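Everything on this sheet refers to the single structure shown next.
None of the values given here were measured: they were computed from a predicted structure.
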Amino acid sequence: MKTYSQLVNDTLSEITEIFPWDLEEKLAAGDDVLLIDIREPYEFDAMRVTGSLNVPRGILESACDWGYQETVPELAAARDREVVVMCKSGNRSVLAAKVMELMGFDKVMSLKTGLKGWNDYELPLCDCNGNPVDIDEAEEFFADKVTREQLGPKAR
């Protein structure tokens, strides 16, 4: 049996990661990069990178393929395009990038450190109305909030 952390760590060597500052450079250069935010809709609505699409992790596989109710045409057509997958901390996106590679996405990358790292590097985030999000507000939103019960019996 593997833990979530072990699964992510085991997958890291099989995918490509990109740092926030390298992604910022690509975007500033006008590179044709498709940004996929796999967080849950409530997370995406609170704050996001401008221009990113929300494709929650739970529907990723069907969103990436043609012929499903969840199909996102721009994503399904992007198998030869650079795609950067992002989440809060860069863990869910590692697993998502691996799945997308298995589905034939040749240029998929995971945003290393996730949106938390994007914010730490002081890159802009916006809310669902396109308004800028304050860096400190984003830092609080991205802070880990694990309850005692979520730590499990060995940690108590």
Side-chain angles (χ1 to χ4, degrees), residues 1-121 123-128 133 138-139 141-147 150-152:
M1 182 177 95
K2 291 186 181 187
T3 65
Y4 176 57
S5 292
Q6 290 167 333
L7 188 59
V8 169
N9 287 333
D10 289 352
T11 307
L12 279 171
S13 64
E14 301 175 19
I15 59 111
T16 302
E17 289 185 291
I18 185 170
F19 281 102
W21 48 88
D22 293 325
L23 177 56
E24 174 194 33
E25 233 175 68
K26 282 183 167 296
L27 295 173
D31 290 3
D32 184 28
V33 180
L34 179 60
L35 304 176
I36 302 297
D37 189 323
I38 61 162
R39 296 175 304 144
E40 293 300 310
Y42 79 90
E43 295 174 285
F44 184 76
D45 288 346
M47 57 195 68
R48 66 187 82 162
V49 174
T50 300
S52 58
L53 297 176
N54 185 219
V55 180
R57 178 65 190 94
I59 63 162
L60 179 66
E61 292 82 357
S62 55
C64 285
D65 214 351
W66 297 105
Y68 296 92
Q69 183 175 335
E70 298 85 6
T71 298
V72 176
E74 188 175 6
L75 177 57
R79 281 182 168 71
D80 296 327
R81 188 174 167 193
E82 280 191 315
V83 178
V84 176
V85 184
M86 55 187 83
C87 65
K88 174 184 166 186
S89 63
N91 291 325
R92 287 178 279 182
S93 59
V94 166
L95 300 175
K98 179 60 182 173
V99 165
M100 290 176 71
E101 278 186 358
L102 291 170
M103 294 183 74
F105 286 80
D106 296 328
K107 300 174 189 169
V108 65
M109 296 169 268
S110 171
L111 181 62
K112 189 170 183 76
T113 71
L115 292 179
K116 191 174 186 177
W118 180 268
N119 187 64
D120 289 346
Y121 192 61
L123 294 170
L125 293 166
C126 65
D127 65 16
C128 62
V133 173
E139 187 174 331
F141 183 80
F142 293 132
D144 289 328
K145 299 170 184 86
V146 179
T147 66
Q150 291 172 317
L151 291 173

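Proximity of Leu60 to Arg57: side-chain heavy atoms (C-beta onward) are separated by under 4.5 Å at one or more points. Leu23 has its side chain out of reach of Leu123: every pair of non-hydrogen atoms, C-beta onward, lies at least 4.5 Å apart. Looking at Phe142 and Leu125, their side chains come closer than 4.5 Å, going by heavy atoms from C-beta outward. When side chains are defined from C-beta on, Val55 does not count as touching Glu74, because their heavy atoms never get closer than 4.5 Å. Side-chain contact check for Asn54 versus Arg48: every heavy-atom pair is 4.5 Å or farther apart. Within the 4.5 Å cutoff, the side chain of Met47 has no heavy atoms near those of the Asn119 side chain. Two residues are said to be in side-chain contact when any heavy atoms from C-beta on lie closer than 4.5 Å; Asp80 and Asp106 meet this criterion. At a threshold of 4.5 Å between non-hydrogen side-chain atoms, the residues Pro124 and Thr50 do not count as touching.
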With side chain to side chain contact (heavy atoms under 4.5 Å, CB included) as the test, would you mind laying out the steps for Leu35 and Leu27 before giving the verdict? CA-CA 10 Å; Leu35 304 176; Leu27 295 173; 4.2 Å; yes
Side chain to side chain contact (heavy atoms under 4.5 Å, CB included) assessment of Asp144 paired with Lys116: CA-CA 10 Å; Asp144 289 328; Lys116 191 174 186 177; 3.9 Å; yes
Evaluation steps, side chain to side chain contact (heavy atoms under 4.5 Å, CB included), between Glu24 and Tyr121: CA-CA 10 Å; Glu24 174 194 33; Tyr121 192 61; 3.6 Å; yes
Show the numbers, then the answer: is there a side chain to side chain contact (heavy atoms under 4.5 Å, CB included) between Thr113 and Asp120? CA-CA 9 Å; Thr113 71; Asp120 289 346; over 6 Å; no
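Checked against Met100 for a side-chain contact (heavy atoms from CB on, under 4.5 Å), the options Leu95, Val83, Ile15 give a single hit: Val83.
Cys87 contributes atom SG, which lies 13.0 Å from atom CD1 of Ile36 (distance to the nearest 0.5 angstrom). To the nearest 0.5 angstrom, Ile18 atom CD1 is 11.5 Å from Ser93 atom OG. We find the CG-CG distance between Asn91 and Leu12 to be 8.0 Å, quoted to the nearest 0.5 Å. To the nearest 0.5 Å, atom CH2 of residue Trp66 and atom CG of residue Leu75 are 9.0 Å apart. How far CG of Leu115 is from OG of Ser52: 7.5 Å, rounded to the nearest 0.5 Å.
Of all heavy-atom pairs between Val133 and Cys126, the closest is CG2-C, 3.5 Å. In terms of heavy-atom proximity, Val108 sits nearest to Ala97 at CG1-O, 3.6 Å. Taking every heavy atom of both residues into account, Lys112 and Glu17 meet most closely at NZ-OE1, 3.2 Å. Taking each heavy atom of Ser110 and Val94 in turn, the nearest pair found is OG-N, 3.5 Å.
Residues passing the side chain to side chain contact (heavy atoms under 4.5 Å, CB included) test with Tyr68 are Ser62, Asp65, Glu70, Thr71, sequence neighbours excluded. Residues passing the side chain to side chain donor-acceptor pair (under 3.5 Å) test with Glu101: none are found, sequence neighbours excluded. Partners of Asp31 according to the side chain to side chain donor-acceptor pair (under 3.5 Å) rule, which considers only residues two or more places apart in sequence or in another chain, do not exist here.
A donor-acceptor distance shorter than 3.5 angstrom exists from the side chain of Asp37 to the backbone of Arg39, with no hydrogens or angles considered.
Classification of Lys88 and Glu43 as a salt-bridged pair fails, no side-chain N sitting under 4.0 Å from a carboxylate O. A salt bridge is absent between Glu40 and Arg92; no separation between the charged side-chain nitrogens and carboxylate oxygens falls under 4.0 Å.
Open room surrounds CD on Gln69; 12 or fewer heavy atoms of other groups in view lie less than 6.0 Å from it. Atom CD of Glu14 has more than 12 heavy atoms from other residues, nucleotides or ligands within 6.0 Å.
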